[in-house]
Amino acid sequence: MLYLAIFDAKEDISLEEINREREAWIKRERHKVFKGMCKHIERYEVAGMIPMKIVFLIETDDPLALNMLSRHFGDLWYSVSYPVIRRGISEALEEDKTIIAG
């Protein structure tokens, strides 16, 4: 299953706190465990956004992967995850025409 996970840093969290949390994640080798739970991960940061906003596109069959990610960073971030499907624009337009015309 494909998921879109959006993380917004809480307003009162400093960049130093975020970096300490990342270092703890790596020190405990959570990144390796998390990567092993996922088929594919892409990470994006919204440029110039303060507080920081990060978007992950995660492909996994293990729902615990999302739980692991949100629990670890939960004190510093607001997070929400959505199951998503990949569709091209023309495919979406065709489906929309079918639904609206039907």
Side-chain angles (χ1 to χ4, degrees):
M1 174 64 79
L2 196 58
Y3 296 93
L4 182 66
I6 303 167
F7 285 76
D8 289 293
K10 293 181 178 177
E11 296 80 16
D12 59 340
I13 301 301
S14 70
L15 189 55
E16 290 79 20
E17 289 173 288
I18 290 171
N19 287 333
R20 273 195 302 274
E21 198 64 28
R22 285 181 183 160
E23 288 172 14
W25 172 269
I26 291 169
K27 184 177 181 179
R28 290 186 222 136
E29 297 193 346
R30 297 271 174 111
H31 61 294
K32 292 179 182 177
V33 173
F34 180 69
K35 189 173 182 179
M37 298 169 88
C38 300
K39 295 178 181 179
H40 183 79
I41 308 163
E42 293 180 42
R43 181 186 181 278
Y44 302 91
E45 287 183 25
V46 178
M49 188 80 168
I50 298 174
M52 185 180 287
K53 181 184 285 268
I54 298 173
V55 178
F56 292 93
L57 185 60
I58 302 167
E59 186 175 356
T60 183
D61 292 328
D62 189 346
L64 292 177
L66 295 175
N67 188 31
M68 178 184 183
L69 188 64
S70 63
R71 280 182 172 261
H72 180 79
F73 293 104
D75 292 341
L76 305 181
W77 302 83
Y78 299 111
S79 67
V80 62
S81 299
Y82 303 100
V84 296
I85 56 174
R86 184 175 285 134
R87 291 194 309 176
I89 293 173
S90 60
E91 182 183 9
L93 287 172
E94 279 302 312
E95 186 171 315
D96 290 347
K97 283 182 191 176
T98 304
I99 292 170
I100 293 170

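Please read all numbers here as calculations on a predicted model, not as lab measurements. Position 1 is the first residue of the sequence; numbering continues from there.
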* Using the test side-chain hydrogen bond (donor to acceptor under 3.5 Å, both in side chains), find all partners of Ser70 that sit at least two apart in sequence or belong to another chain. => none

* Structure fact -> d(Asp12 CG, Leu76 CG) to nearest 0.5 Å is 9.0 Å

* To do: Would you please name every residue forming a side-chain hydrogen bond (donor to acceptor under 3.5 Å, both in side chains) with Glu42, sequence neighbours left out?
  => His40, Tyr44

* Structure fact -> The reported gap from OG in Ser79 to CD1 in Ile6 (rounded to nearest 0.5 angstrom) is 10.0 Å

* Quick one: SG on Cys38 to CE on Met68, what's the gap to the nearest 0.5 Å? -> 9.0 Å

* Say whether Ile13 and Leu69 are linked into one hydrophobic cluster, either directly or through other cluster members, by side-chain heavy-atom distances under 4.5 angstrom. => yes

Donor-acceptor pairs under 3.5 Å, side chain of residues 46-63 to any protein atom, not counting sequence neighbours: which ones?
{"from": "Lys53", "atom 1": "NZ", "to": "Asp8", "atom 2": "OD1", "distance (Å)": "2.7"}
{"from": "Lys53", "atom 1": "NZ", "to": "Asp8", "atom 2": "OD2", "distance (Å)": "3.4"}
{"from": "Thr60", "atom 1": "OG1", "to": "Met37", "atom 2": "O", "distance (Å)": "2.7"}
{"from": "Thr60", "atom 1": "OG1", "to": "Asp62", "atom 2": "N", "distance (Å)": "2.9"}
{"from": "Thr60", "atom 1": "OG1", "to": "Asp62", "atom 2": "O", "distance (Å)": "3.4"}
{"from": "Asp61", "atom 1": "OD1", "to": "Met1", "atom 2": "N", "distance (Å)": "3.3"}
{"from": "Asp61", "atom 1": "OD2", "to": "Lys39", "atom 2": "NZ", "distance (Å)": "2.8"}
{"from": "Asp62", "atom 1": "OD1", "to": "Leu64", "atom 2": "N", "distance (Å)": "3.0"}

* Structure fact -> Separation between CD1 (Ile26) and NZ (Lys32), nearest 0.5 Å, reads 10.5 Å

* In this structure, are over 12 heavy atoms from other groups packed under 6.0 Å from Lys10 atom NZ? -> yes

* Are Tyr3 and Val80 joined in one hydrophobic group, where the rule is that I, L, V, M, F, W and Y side chains link up if heavy atoms are under 4.5 Å apart? -> no

* **Value rounded to 0.5 Å, distance of CZ in Arg22 from CG in Leu15** => 7.0 Å

* To do: State plainly whether one hydrophobic cluster holds both Ile41 and Phe7, where clusters connect Ile, Leu, Val, Met, Phe, Trp and Tyr through side-chain heavy atoms under 4.5 angstrom apart.
  => yes

* In one Ile/Leu/Val/Met/Phe/Trp/Tyr side-chain cluster, 4.5 Å: Ile89, Ile85 -> no

